[in-house]
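Below is one structure, written out as structure tokens; the observations come after it.
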Amino acid sequence: MQQPKLTRRGFLAGSAATGAAAALALSGCSSGSSSSSASSSAAASNTPAKAITAAPAYSSTNCNPIGNSSALMLAATWHVFEGLYDMDLVNYTTYNALAADEPVAVSDTVYEVTLREGAKFSDGTDVTAADVVNAFEANMADETYGAFLTFIDTVTAKDDTTVTFTLKYPFASLLKGRLSVVKVFPASLTEDELKTKPIGSGPWMYDSIDGNDGGRITFLPNEYYNGSKPATCEEMDWNVLLDSTSRTTAITDGSVLAIESVPDANADQIAGSGASVEYVPGFALPFFMFNTKKAPFDDPRVRQAFFYAIDTEKLIANQMAGHAVPATSFLPEAYANYHRASTVYTYDTDKAKSLLQEANIETLTCELMVNNNWVSALAAQIKEDLAAAGIEVTINETTIPWSELAESDSILPYDVMLTPGDPSCFGNDPDLLMTWWYGDNVWTQGRSCWKGTEAWTQLQTLLQQGREAAPADQQAIWNQCFDIIAENVPIYPLFHREIGTAYVSEKLEDFAPISTTGLVFLGTTPLE
């Protein structure tokens with residue numbers, strides 16, 4: 001039997017603008033073998049197995065690739081669809097997918113991309129420039145992905161295999177990574193087909209889709225795929241298991257070869273069964289979100305008081321088993337674009353009380369809406385810490401899906417929300433990550449309701465300056481953005497967590513955990 005193994009990877013993510021390459025380093029962090037998965041696989045059988053089996057930790061019924069942001073179905077999308085360029089989520093580098101080569105600059109604001117020769121969808125039809133144009137236009141109109149694509153003026157088909165992008169301003173440093181957000185599908189697909197069983201040009205295609213808890217998503221190879229990451233076995237089977245105990249059982253009894261979101265309490269048990277448990281530092285975070293249209297949460301001092309009131313180090317030690325780092329900025333310290341914010345929140349009950357006093361509040365009573373996932377375990381201590389600072393909260397654990405919290409023309413009926421998030425599944429450049437929560441979109445229009453404030457307007461100006469700036473000048477602009485966000489905290493992290501993945505390394509060749517939600521099996525071969 002393989003020796004129990006717990007590993008931790010140090011993660012450094014660099015944006016294209018900095019020119020810093022993403023780097024990974026492996027080091028052991030517990031007893032047992034410290035060999036890498038590659039060396040473990042080398043000692044195992046070289047006979048390919050018939051199937052890749054896995055247990056995702058999130059559920060969703062939305063398989064539409066347009067604007068997809070669910071943890072489960074976005075991961076499925078990575079396997080079924082391709083962008084012109086795709087992002088390797090192990091190291092955040094982009095590689096050619098449907099694109100045959102790099103974007104060709106016709107001018108500073110016009111680029112042409114040629115499609116890979118012979119690229120086909122899983123129904124055997126050719127991928128055309130018209131399909132790419134349709135996919136981009138649909139995503140540009142989407143309230144989620146549209147915010148990532150505002151730099152594009154028009155997308156046109158020069159001919160059947162060439163796409164022309166006309167930009168509103170030069171955007172070369174971030175272009176390929178941002179184009180990777182859009183996944184291509186046949187323009188002929190109806191809305192119903194996109195929602196029920198869409199097809200793509202990726203190495204896998206959907207066989208059956210049941211993304212509910214206890215359901216299964218099964219994939220078959222796309223026989224027409226001619227890209228660089230072909231399917232390596234006869235099928236892929238994902239068993240959706242939200243319950244931590246169920247996922248633990250699935251990996252320890254050999255029902256699956258990999259699970260995401262390792263329960264920290266079961267990590268030693270899983271490692272003892274022969275599987276590898278690997279924690280990867282990343283952007284993933286729990287955050288407070290405030291209804292800034294509702295007094296007193298329209299006052300930044302009140303919002304700041306919440307963060308000073310929380311003993312984040314204790315939260316991490318007791319509820320995260322140490323697998324997180326307190327936030328000292330919007331970005332985690334492991335990111336190459338990290339800047340320590342001008343306002344850093346440390347545990348300081350007296351500071352929290354003084355801020356409330358400055359806002360003419362002696363005792364604050366409000367409701368804390370808590371998402372019914374892993375962050376619910378944080379709620380009890382948070383409630384206790386807030387009470388010590390004079391903030392009495394009633395916990396309301398919610399099952400409301402984000403799709404029902406997306407009305408941009410209305411103000412949500414809540415005070416404060418505790419929920420997790422991680423837009424690094426789309427990319428890691430600072431502009432993308434800040435745009436997700438603070439741009440002109442559903443988050444600031446109808447959730448935090450921060451749009452229109454003086455600070456929000458100042459931030460939008462700086463973000464746009466950063467998009468149009470030369471790469472050498474972007475970091476200084478982004479640093480100003482980080483400071484504004486940290487001072488105003490309409491939405492802000494308590495800590496950045498490490499993502500735990502368990503997998504049978506001797507039976508998964510060329511598999512690596514990632515620092516965001518999801519499992520990636522592109523290029524992975526299951527072994528007997």
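Checked against the 6.0 Å centroid threshold, Tyr503 and Phe511 count as a close aromatic pair. Note: Phe219 and Trp238 meet the aromatic proximity criterion, with ring centroids under 6.0 Å apart. Checked against the 6.0 Å centroid threshold, Phe426 and Phe148 count as a close aromatic pair. For Tyr225 and Trp204, the distance between ring centers is not under 6.0 angstrom.
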* To do: Kindly determine whether Val520 and Val90 satisfy side-chain contact (heavy atoms from CB on, under 4.5 Å), including the steps that lead there.
  => CA-CA 9 Å; Val520 181; Val90 174; over 6 Å; no
- Message: Working note: Thr47 + Leu527, criterion side-chain contact (heavy atoms from CB on, under 4.5 Å); need CA distance, chi angles, decisive distance, verdict.
- Response: CA-CA 6 Å; Thr47 304; Leu527 302 174; over 6 Å; no
**Request:** Decide side-chain contact (heavy atoms from CB on, under 4.5 Å) for Ile217 and Leu72; before the verdict, give the C-alpha distance in whole Å, the side-chain angles of both, and the deciding distance to 0.1 Å.
**Result:** CA-CA 10 Å; Ile217 302 176; Leu72 173 66; 3.9 Å; yes
Report task. Report the C-alpha distance between Lys183 and Glu82 in whole Å, list the side-chain angles of each, state the deciding distance to 0.1 Å, and finish with yes or no for salt bridge (charged side-chain N to carboxylate O under 4.0 Å, His left out). Result -> CA-CA 5 Å; Lys183 306 306 177 187; Glu82 294 179 284; over 6 Å; no
Please lay out, stage by stage, how Phe151 and Tyr169 fare under the test side-chain contact (heavy atoms from CB on, under 4.5 Å).
CA-CA 7 Å; Phe151 65 94; Tyr169 42 83; 3.5 Å; yes
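Distance check: Met205 CE to Leu220 CG gives 5.0 Å after rounding to the nearest 0.5 Å. Arg467 contributes atom CZ, which lies 5.0 Å from atom CD of Gln464 (distance to the nearest 0.5 angstrom). Between Asp237 atom CG and Ile52 atom CD1 the span is 11.0 Å, to the nearest 0.5 Å. From Asp153, atom CG reaches atom CG of Leu167 across 8.5 Å, with rounding to the nearest 0.5 Å. To the nearest 0.5 angstrom, Asp207 atom CG is 11.5 Å from Met236 atom CE. To the nearest 0.5 Å, atoms CZ (Arg497) and CZ (Phe495) are separated by 7.5 Å.
Put simply, the side chain of Ser276 never gets that close to the backbone of Val504: no donor and acceptor are under 3.5 Å apart. Between the side chain of Thr218 and the backbone N or O of Ser208 there is at least one donor-acceptor pair closer than 3.5 Å. With hydrogens and angles ignored, the 3.5 Å screen pairs a side-chain donor or acceptor of Thr53 with a backbone N or O of Leu257. Without hydrogens or angle criteria, Asn266 side chain to Gln269 main chain gives no donor-acceptor distance under 3.5 Å. A donor-acceptor pair under 3.5 Å links the side-chain atoms of Thr249 to the main chain of Thr245, judged by distance alone. In this structure a side-chain-to-backbone donor-acceptor pair under 3.5 Å is present from Asp429 to Leu432. A distance-only check finds a donor-acceptor pair linking the side chain of Asn222 to the backbone of Gly202 [under 3.5 Å]. At least one donor-acceptor pair under 3.5 Å links the side chain of Gln474 to the backbone N or O of Gly466. Panel note: side chain Arg247, backbone Ser261; a donor-acceptor pair is recorded below 3.5 Å.
Arg447 forms no cation-pi arrangement with Trp437, by the criterion of a distance under 6.0 Å to the ring centre and an angle within 45° of the ring axis.
Under the salt bridge (charged side-chain N to carboxylate O under 4.0 Å, His left out) criterion, Glu102 pairs with Lys176, not counting sequence neighbours. Under the rule for a salt bridge (charged side-chain N to carboxylate O under 4.0 Å, His left out), Asp88 has no partner lying at least two apart in sequence or in another chain. When the salt bridge (charged side-chain N to carboxylate O under 4.0 Å, His left out) test is applied to Glu117, no partner is found at least two apart in sequence or on another chain. For the side chain to side chain donor-acceptor pair (under 3.5 Å) test, residues two or more places apart in sequence or in another chain that qualify with Ser255 are Asp253.
Taking the six-membered ring for Trp and thresholds of 30 and 60 degrees, His79 and Phe521 have ring planes inclined between 30 and 60 degrees apart.
Looking only at atom types and distance, the side chain of Ser180 has no donor-acceptor partner in the side chain of Thr94 under 3.5 Å away. A donor-acceptor pair shorter than 3.5 Å can be found between the side chains of Tyr279 and Asp264. Thr161 and Thr114 share no donor-acceptor pair across their side chains, judged by distance under 3.5 Å alone. Under the 3.5 Å distance criterion, with hydrogens and angles disregarded, no donor-acceptor pair is assigned to the side chains of Thr150 and Arg178. For the 3.5 Å distance criterion, the side chains of Glu260 and Thr501 fail to qualify, holding no donor opposite an acceptor. Inspection of the Asn337 and Gln475 side chains reveals an N or O donor paired with an N or O acceptor under 3.5 Å. There is no side-chain donor-acceptor pair under 3.5 Å between Asp192 and Thr190. For the residue pair Arg116 and Asn226, a side-chain donor N or O sits within less than 3.5 Å of a side-chain acceptor on the partner.
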Show me the donor-acceptor pairs within less than 3.5 Å that the side chains of residues 54-61 make with the rest of the protein, sequence neighbours left out.
from: Ser60; atom 1: OG; to: Asn62; atom 2: N; distance (Å): 3.1
from: Ser60; atom 1: OG; to: Ser70; atom 2: OG; distance (Å): 3.2

For residues 120-136, dump all side-chain donor-acceptor pairs below 3.5 Å to protein atoms at least two apart in sequence or in another chain.
from: Lys120; atom 1: NZ; to: Asp126; atom 2: OD1; distance (Å): 2.6
from: Asp123; atom 1: OD1; to: Thr125; atom 2: N; distance (Å): 3.0
from: Asp123; atom 1: OD1; to: Thr125; atom 2: OG1; distance (Å): 2.7
from: Thr128; atom 1: OG1; to: Ala130; atom 2: N; distance (Å): 3.4
from: Thr128; atom 1: OG1; to: Asp131; atom 2: N; distance (Å): 3.3
from: Thr128; atom 1: OG1; to: Asp131; atom 2: OD2; distance (Å): 3.0
from: Asp131; atom 1: OD1; to: Ala187; atom 2: N; distance (Å): 2.8
from: Asp131; atom 1: OD2; to: Thr128; atom 2: N; distance (Å): 3.0

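Closest heavy-atom contact between Val240 and Asp210: CG2-O, 4.1 Å. Pairing each heavy atom of Ala97 with each of Gly83, the nearest pair is CB-O, 3.1 Å. Nearest approach of Leu89 to Ser424, heavy atoms of both residues: CD2-O, 4.0 Å. Between Ala502 and Val262 the shortest heavy-atom distance is N-CG2, 3.4 Å. Among all heavy-atom pairs drawn from Cys63 and Asn68, the shortest one is C-ND2, 3.9 Å. Shortest non-hydrogen contact noted between Ile259 and Ile270 is CD1-CD1, 4.1 Å.
Salt-bridge annotation for Lys195 and Glu191: present, with a side-chain N of the basic residue lying under 4.0 Å from a carboxylate O of the acidic one.
Annotation: side chain of Asn428 is in contact with side chain of Tyr335 (closest heavy-atom distance under 4.5 Å). In this structure, Val155 and Val163 have side chains that are in contact, with non-hydrogen atoms separated by less than 4.5 Å. The shortest distance between side-chain heavy atoms of Val375 and Phe287 does not fall below 4.5 Å.
Taking a 6.0 Å sphere around CG of Asp108, one finds it holds 12 or fewer heavy atoms contributed by other residues, nucleotides or ligands.
Screening Trp436, Phe283, Tyr338 for a ring pair (Phe, Tyr, Trp, His ring centres under 6.0 Å) with Phe330, the sole residue that qualifies is Phe283.
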